[in-house]
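Working notes, beginning with the structure itself.
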Amino acid sequence: MNRKYRKVIIAGNWKMNKLASDVRPFLQELRGAMPKAKTCDTVICAPAVLATSITRTMRDTRIVCGAQDVSEHDFGAYTGEISASMLADIEVRYCIVGHSERRQYHNETDFQVSAKVKKLLSAGVTPIICVGESLLQREYGLTFDYVTYQTKAALSGLEAKDVRKCVIAYEPIWAIGTGKTATAIQAQEVCAKIRTVIRDNFDARTARSVSILYGGSMNSKNCAELLAQPDIDGGLIGGSSLDPAELAKIIESTVDFE
Ligand code: PGA
């Protein structure tokens with residue numbers, strides 16, 4: 001990580017876990033276990049029904065609420081959808097876009113990812129754009145090509161000043177929820193590639209200022225080595241974000257990096 005140029009972010013992805021009654025006890029325990037020193041921006045990306053409870057409980061703390069998806073439309077007859085302005089209205093500050101589970105189970109396309117990014121930016125919510133290859137793509141040597149394509153598609157049509165407001169999460173699909181983490185070297189080389197893609201398509205200043213997170217079985221044991229890499233600026237954490245003590249340890253590990 002490189003604190004000089006960019007934010008360090010630890011974002012929990014609760015996925016479809018936890019109930020409203022879990023929010024208070026979880027956040028109280030997390031706050032109690034968190035280091036006192038300024039560490040990183042901490043985000044809890046929760047199901048939207050829990051967002052109000054999280055923002056209320058976390059008011060005046062360093063923890064903010066994120067969402068896990070957003071509509072590509074502004075408003076209207078889209079049953080079941082939640083718009084970017086609705087998220088902003090309840091103080092949701094970040095939103096995951098293009099998570100591989102949404103691409104896989106909901107057939108979300110790169111075109112939709114790009115539309116969602118634009119809606120979030122105009123509502124003032126920070127997109128956390130997920131990219132990452134499957135095991136087959138890695139085995140065929142397509143990792144860089146695929147991640148380049150996803151990154152370019154998600155950022156297409158944006159100006160550099162808007163790209164600087166985005167966060168990218170590199171999440172190799174084969175590492176998500178499997179207990180198989182990418183090695184620090186594997187994760188670093190793809191995160192560095194993403195930064196090069198941003199530089200080539202926008203400019204060096206933009207590439208330097210975008211936070212790039214790693215996600216995929218990150219936990220309190222492997223986080224230090226991953227976070228020590230120069231192009232990994234934090235983590236998007238699924239399973240390990242469900243336990244407040246474990247999440248606090250990951251947050252604490254960012255203290256060691258200046
Ligand atoms: P995991 O999930 O940490 O459980 O692998 C990460 C994610 O899907 O964001």
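In this text the structure is predicted, and so the values were computed from the model without any measurement. Note that ligands are numbered from 1 as they come in the structure, with each ligand's atoms numbered from 1 the same way.
By the 4.0 Å N-to-carboxylate-O rule, Lys7 lies too far from Asp233 to be salt-bridged with it. By the 4.0 Å N-to-carboxylate-O rule, Asp162 lies too far from Lys118 to be salt-bridged with it. Classification of Asp110 and Arg103 as a salt-bridged pair holds, one side-chain N sitting under 4.0 Å from a carboxylate O.
Side chains of Asp145 and Thr148: no donor on one and acceptor on the other come within 3.5 Å.
At least one side-chain heavy atom of Leu30 sits under 4.5 Å from a side-chain heavy atom of Ile251.
Residue-level contacts of ligand 1 at the 4.0 Å heavy-atom threshold are Asn13, Lys15, His99, Glu171, Ala175, Ile176, Gly177, Gly216, Ser217, Leu236, Ile237, Gly238, Gly239.
Residues forming a side chain to side chain donor-acceptor pair (under 3.5 Å) with Glu72 (at least two apart in sequence, or on another chain): Gln112.
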